[in-house]
Amino acid sequence: MDITPIKSALDDEALTGTTITVAGWVRTFRNDRFIALNDGSTIRNLQCVIDQNAVDAATRARFTTSASVRCTGTLVPSQGSGQRVELQVADVAVLGDSDAEAYPIQPKKHSLEFLRENAHLRFRTNTYSAIFRIRHQVSFGIHEYFDSLGYCYFHSPVITASDAEGAGEMFRVSTLDVKRPPLTEGGDVDWKEDFFGAEARLTVSGQLQAENAATALGKVYTFGPTFRAENSNTTRHLAEFWMVEPEAAFLDLHGDMDLAEGLCKHLIARVLRNSLDDLKFLDARLKEEEATKPKEQRSELGLVDRLRFVLDNPFERITYDQAIDILLRSKPYQKKQFQFPVEWGVDLQSEHERYLVEKHFKKPVIVTGYPAGIKAFYMRVNSPGDFGYSEKGTTVAAMDVLFPGIGEIIGGSQREERLDVLEQRMDEMHVPKGELWWYLDTRRFGTVPHAGFGLGLERFVLFVTGMGNIRDVIPFPRTPKSAAF
RNA sequence: UCCCUGGUAGCUCAGCUGGUUAGAGCACAUGACUGUUAAUCAUGGGGUCGCUGGUUCAAGUCCAGCCCGGGGAGCCA
């Protein structure tokens with residue numbers, strides 16, 4: 001039996017007048033006659049009209065919220081005003097009952113907190129089904145973008161024996177007995193006895209391995225789960241998240257910025273093209289939510305308009321020096337409204353990034369040329385004439401893409417390809433060179449200028465969906481003290 | 001980890017300065033309904049007031065500790 005997706009039933013005008021079978025989950029059953037059926041193919045429901053003479057009362061009583069149902073009938077123009085077509089049901093089967101008393105999700109508005117606690121069922125709501133369809137569009141668009149530019153999808157390992165990547169605290173991977181681990185003569189845990197014969201951890205980044213690949217395959221990108229054991233309790237952090245990390249040989253900082261901006265725009269364009277129903281739903285939801293907020297906290301543009309605006313305008317590209325200048329001349333600085341100091345050499349705080357993006361430029365901003373002291377060892381040291389070079393101190397070819405409401409959505413850089421400079425920086429920052437010999441080999445044998453970045457998938461989905469909490473844009477969020485489901 | 005804030009019915013929330021039997025809307029159950037759009041109408045059931053201890057004649061309400069959620073900050077993507 002062919003099952004027609006509800007999306008096709010609603011959109012394909014050639015199906016009107018034909019007999020089709022649809023299958024999905026009941027959203028509501030009204031007037032003992034109308035099933036609003038959803039199968040996940042679209043946010044819209046198909047109205048299935050039951051003939052009460054043909055379907056007995058006992059069966060009709062089983063059309064409860066979230067029961068799974070299969071309906072066969074004729075697709076006809078609707079007599080009601082809420083939809084273009086509806087299904088005149090000739091045959092209906094309840095595939096799986098849903099006890100209305102026990103089922104937690106009701107046909108009403110629920111708080112996101114409650115739905116988060118029912119993460120296994122929240123996909124059945126309009127909001128979350130929209131989010132995860134959009135997440136799919138973004139994921140697929142990532143492959144589409146890099147493939148179209150000749151990038152090779154590269155699978156970096158999830159388990160690593162190196163903790164020198166410096167991107168954050170790592171989770172340990174071990175098969176040793178936690179209560180009685182083997183010990184060395186000195187009384188320490190003997191990791192040689194562990195599964196990998198060394199201390200192993202979950203990756204915090206595939207970048208270093210991607211650099212190995214880029215200096216052979218030319219252009220690569222990784223896309224997979226990444227793990228950080230930081231005790232971060234915010235709306236923008238997860239312990240397990242998905243990251244995209246392109247890395248390309250013969251690419252400089254400007255090319256890197258072009259690549260990052262191009263990716264963001266490609267993804268936004270794709271979502272606008274393929275997920276407009278879902279976006280419009282989230283847009284309306286957002287407006288409703290914002291109506292309860294004071295005027296100054298409301299955003300000027302709706303979700304769809306915001307996405308179009310980002311798509312249509314170039315990202316602002318400034319140096320760290322310029323960012324500091326703007327902040328020093330800003331009203332909040334002069335009125336002493338910033339909590340953290342603004343001076344050359346210290347990192348930009350959330351409040352500073354927010355000011356630049358949301359108040360000053362009112363669009364995405366790429367900041368380059370950060371002081372070397374606050375950035376990772378592998379970033380290229382700037383020389384006079386480089387964009388981002390500063391008279392005030394040593395800077396590196398870093399670039400952070402800052403988005404309104406979210407802050408840093410992409411962090412990247414041109415990499416230090418000069419072996420001597422790289423080794424000196426590793427010494428300064430106490431990065432163990434011995435452990436990273438395989439990484440340094442890229443600079444020993446045919447080193448080339450190259451660049452890349454990391455984009456947090458969930459942060460991007462957060463922006464595209466207009467959601468406020470990163471735990472709502474990943475199916476089963478892992479955060480400190482929480483790994484349920 | 002730090003700061004702020006909250007936890008009362010399945011959900012969303014009200015409950016004043018401590019004082020009868022802790023309320024509402026929605027949901028749910030039963031009944032009605034052949035054009036509904038989060039359908040509607042009638043009737044009904046439903047509570048360890050987060051946990052533990054304390055103050056008091058009396059605690060949902062006051063105090064202390066703990067647990068959990070939310071917002072913000074740091075770390076970052």
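First the proteins, then the strands, lettered A, B, ... as listed; each starts at 1.
Checking B/U34, B/A38, B/A73 against the side-chain heavy atoms of A/Arg354 singles out B/A73 as nearest.
If you take atom C1' in B/A73 and the same atom in B/A27, they sit 39 Å apart, rounded to whole Å.
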Please list, for nucleotides 41-43 of chain B, all pairs of protein and nucleotide N/O atoms separated by less than 3.5 Å.
none

Name the pairs: protein N/O against N/O of nucleotides 1-4 of chain B, kept only if under 3.5 Å.
residue: B/U1; atom: OP1; partner: A/Asn231; partner atom: ND2; Å: 2.9
residue: B/U1; atom: O4; partner: A/Asn233; partner atom: ND2; Å: 2.7

What pairs of nitrogen or oxygen atoms, one from the protein and one from nucleotides 9-14 of chain B, lie under 3.5 Å apart?
residue: B/G10; atom: N2; partner: A/Gln106; partner atom: OE1; Å: 3.1
residue: B/G10; atom: N2; partner: A/Gln106; partner atom: NE2; Å: 3.2
residue: B/G10; atom: N3; partner: A/Gln106; partner atom: NE2; Å: 3.3
residue: B/C11; atom: O2'; partner: A/Lys108; partner atom: NZ; Å: 3.4
residue: B/C11; atom: O2'; partner: A/His110; partner atom: ND1; Å: 3.3
residue: B/C11; atom: O2; partner: A/Lys108; partner atom: NZ; Å: 2.7
residue: B/U12; atom: OP1; partner: A/Ser111; partner atom: OG; Å: 2.7

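Residue-nucleotide stacking is present for A/Phe241 and B/A77, judged by a side-chain ring centre under 5.5 Å from the six-membered base ring centre and planes under 30° apart.
A sub-4.0 Å separation between OP1 or OP2 of B/G74 and a side-chain N or O of A/Ser350 is present. OP1 and OP2 of B/A73 both lie 4.0 Å or more from every side-chain N or O belonging to A/Gln349.
Take A/His143 and apply the side chain to side chain donor-acceptor pair (under 3.5 Å) test, not counting sequence neighbours, and it matches A/Tyr221.
Scanning residues 396-416 of chain A for heavy-atom distances under 4.0 Å to RNA chain B yields A/Glu408, A/Ile409, A/Ile410, A/Gly411.
When rounded to the nearest whole Å, the span between CZ of A/Phe29 and P of B/G35 equals 13 Å.
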Could you spell out the base pairing of RNA chain B as a dot-bracket line? Use Watson-Crick and G-U wobble contacts where both distances are under 3.5 Å, [ ] for crossing pairs, | for partners on a different strand. (((((((..((((.....[...)))).(((((.......))))).....(((((..]....))))))))))))....
